[in-house]
There are 4 protein chains.
Amino acid sequence: MMNRVVLVGRLTKDPDLRYTPNGVPVANFTLAVNRTFTNQQGEREADFINCVVWRRQAENVANYLKKGSLAGVDGRLQTRSYDDQDGKRVYVTEVVADNVQFLEPRSAASQDRGNFGESPFGEGQRNQGSSYGDQRNQGYTRTDEDPFSNDGQPIDISDDDLPF
Amino acid sequence: MMNRVVLVGRLTKDPDLRYTPNGVPVANFTLAVNRTFTNQQGEREADFINCVVWRRQAENVANYLKKGSLAGVDGRLQTRSYDDQDGKRVYVTEVVADNVQFLEPRSAASQDRGNFGESPFGEGQRNQGSSYGDQRNQGYTRTDEDPFSNDGQPIDISDDDLPF
Amino acid sequence: MMNRVVLVGRLTKDPDLRYTPNGVPVANFTLAVNRTFTNQQGEREADFINCVVWRRQAENVANYLKKGSLAGVDGRLQTRSYDDQDGKRVYVTEVVADNVQFLEPRSAASQDRGNFGESPFGEGQRNQGSSYGDQRNQGYTRTDEDPFSNDGQPIDISDDDLPF
Amino acid sequence: MMNRVVLVGRLTKDPDLRYTPNGVPVANFTLAVNRTFTNQQGEREADFINCVVWRRQAENVANYLKKGSLAGVDGRLQTRSYDDQDGKRVYVTEVVADNVQFLEPRSAASQDRGNFGESPFGEGQRNQGSSYGDQRNQGYTRTDEDPFSNDGQPIDISDDDLPF
DNA sequence: TTTT
DNA sequence: TTTT
């Protein structure tokens with residue numbers, strides 16, 4: 001009915017890019033979102049939100065964001081469940097991103113990364129990155145055979161999970 | 001940093017009202033949020049989002065919403081984890097509501113419920129509900145001794161979990 | 001960069017449906033959104049937010065919502081300006097809706113309205129409305145020649161204003 | 001009822017700090033929010049959203065943000081109106097910020113600014129700024145007598161406009 | 001110019 | 001009246 005999420009935070013690890021059997025790119029990453037308030041002990045805690053992004057933005061995310069990058073996500077909350085290795089039902093809540101916004105200058109976000117397709121950065125930042133030629137998707141293994149195999153993620157992700 | 005969620009959906013069950021050891025009210029409920037799009041099979045699926053609300057709004061929610069009620073939630077995403085009975089870490093993502101909006105006329109939402117405190121409905125709907133006197137919190141057991149004991153919820157919820 | 005608005009409120013008037021010269025439908029309406037807090041005098045005020053919706057949802061809005069209807073809007077804030085009749089620049093801020101949610105049962109929202117295209121209501125409410133046959137767009141004049149001519153709205157709205 | 005806005009953009013000018021007759025700080029600023037899509041001519045346009053923030057955050061904004069700073073705003077849409085110098089009613093839509101997030105390292109955002117109160121930046125960035133001593137509110141004139149006098153802003157802003 |  |  002209505003379902004909207006907006007987050008700004010930092011990636012806890014490099015994003016994880018996979019492909020569905022049909023070759024559709026999906027990237028998973030976790031955003032650490034620092035709370036604006038402190039707890040009883042005066043510490044500023046964080047929430048760790050799992051995010052998914054599909055298609056072209058998945059590849060942009062994989063190519064321009066890494067552990068520590070500051071990013072914004074605009075999307076919707078999605079729930080799903082699967083049975084883990086000992087047959088226990090696990091419930092997952094994650095954010096399916098409609099849009100991922102890169103909030104740091106290119107240099108900060110992707111020093112030593114290859115280049116991929118169109119830059120998601122604005123006019124001002126384009127053309128000032130280093131160019132490694134067009135080794136597209138450099139450093140990422142295509143895992144069509146085995147998408148989402150690690151990290152307790154469901155093994156049976158398929159093209160049916162495409163949001164639209 | 002930034003963390004905002006807005007949902008509109010229907011309660012999957014009556015809300016669950018508890019109290020912390022210090023007597024602070026907390027209500028838990030799940031919103032079924034129908035997707036605006038259909039899946040490959042043409043079905044309209046739903047996401048089931050766990051929500052928490054504290055203090056006075058917790059009591060309003062418990063008194064005016066029930067299974068099937070249409071409600072809006074404005075809040076933030078929060079993650080936490082606990083170890084289940086067989087020592088397995090369980091990760092929970094839920095929405096901590098800053099504001100819960102009742103989106104149905106009072107009659108539809110709370111036919112046979114007792115009355116509690118100030119009405120969260122607008123001017124136009126106040127004073128037209130039935131009045132059961134002031135049997136506050138009628139039908140809810142105070143569970144100070146054992147908050148959040150059921151449903152696989154962590155047993156050690158305390159006043160430290162208050163959002164502010 | 002990031003721009004997200006979510007509103008729930010009531011239409012202050014019947015929506016206003018127009019068509020661009022190319023025949024693209026646009027609906028304008030104002031949502032009265034009651035504040036959740038009261039002012040110094042203890043009154044609950046409202047904000048009046050202008051909204052725009054394009055294409056198929058424009059026609060759904062025109063056919064299913066009317067003055068007083070409860071609706072949710074998920075969209076983005078947009079600014080534009082135009083010069084009024086005495087050459088004064090007027091600045092407009094409005095919400096371009098990606099999605100409009102009807103939050104009342106069909107009967108409440110459109111008693112005496114004709115029917116148009118696919119119902120935007122869920123399964124449960126479909127097929128229970130009166131049926132006027134298929135007099136599409138009944139009661140609305142096509143105004144291709146003169147879109148947005150009244151109400152101090154800019155007269156030069158064109159297909160360029162399409163959000164995507 | 002429900003009214004939520006989240007924006008990320010850049011300040012078009014230095015923020016404008018004023019005080020109500022009672023001494024409550026208010027800051028006004030405009031965020032340029034670049035659209036994520038391009039128009040028919042292939043240009044990326046922007047929306048210019050007026051924002052207001054009250055109290056302590058008003059002073060933080062004035063001290064840490066300036067023209068060009070990247071910032072996030074989480075708030076609600078508010079409308080008001082006033083009569084301009086030639087008696088014409090002007091309608092204003094603006095965002096009242098509950099929270100303003102500084103999205104750039106301190107150095108980028110406030111090179112040559114004085115210091116004020118508690119730093120709104122996280123642990124990592126604290127203590128690495130230059131220190132000008134405690135010339136609080138340096139460079140800003142207190143304008144209790146005449147808040148909001150310029151820029152076509154209503155002259156009669158008062159403590160009644162406090163959001164809570 | 002505003003809704004319940 | 002607009003930012004990078």
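So that the names make sense, note that chain A is the first sequence line, chain B the second, and so on, each numbered from 1.
To the nearest angstrom, P of E/dT4 lies 10 Å from CG of C/N34. Computed from coordinates, the C/L65 CG to E/dT4 C1' distance equals 15 Å when rounded to whole Å. Rounded to a whole Å, the CZ atom of C/F29 is 18 Å from the P atom of E/dT2. The distance from atom CD1 of C/I49 to atom P of E/dT3 is 15 Å, rounded to the nearest whole Å. Rounded to a whole Å, the CZ atom of C/R10 is 19 Å from the C1' atom of E/dT1. Per the geometry, CE belonging to D/M1 stands 11 Å off P belonging to E/dT4, to the nearest Å. Atoms CE (C/M2) and P (F/dT4) sit 21 Å apart, rounded to a whole Å. Here the C1' atom of nucleotide F/dT2 and the CG atom of D/D14 are 13 Å apart, to the nearest Å.
Side chain to side chain, C/T30 and C/N50 meet the donor-acceptor criterion of an N or O pair below 3.5 Å. A donor and an acceptor atom, one from each side chain of C/N39 and C/E45, are located under 3.5 Å apart.
Among the nucleotides E/dT3, F/dT2, F/dT3, the one closest to any side-chain atom of C/F48 is E/dT3. Comparing E/dT1, E/dT2, F/dT3 against the side chain of D/R89 picks out E/dT1 as the nearest. For C/A32, whose side chain is taken as the heavy atoms from C-beta onward, the closest listed nucleotide among F/dT2, E/dT1, E/dT3 is E/dT3. The side chain of D/Y91 sits closest to E/dT1 out of F/dT2, E/dT1, E/dT3.
Under a 3.5 Å cut-off, the side chain of C/R44 and the backbone N or O of C/R35 do form a donor-acceptor pair.
Across all strands, D/G9 comes closer than 4.0 Å to no nucleic acid atom at all (heavy-atom distances).
Salt bridge absent: C/K66 and C/E104 never bring a charged side-chain N and a carboxylate O closer than 4.0 Å.
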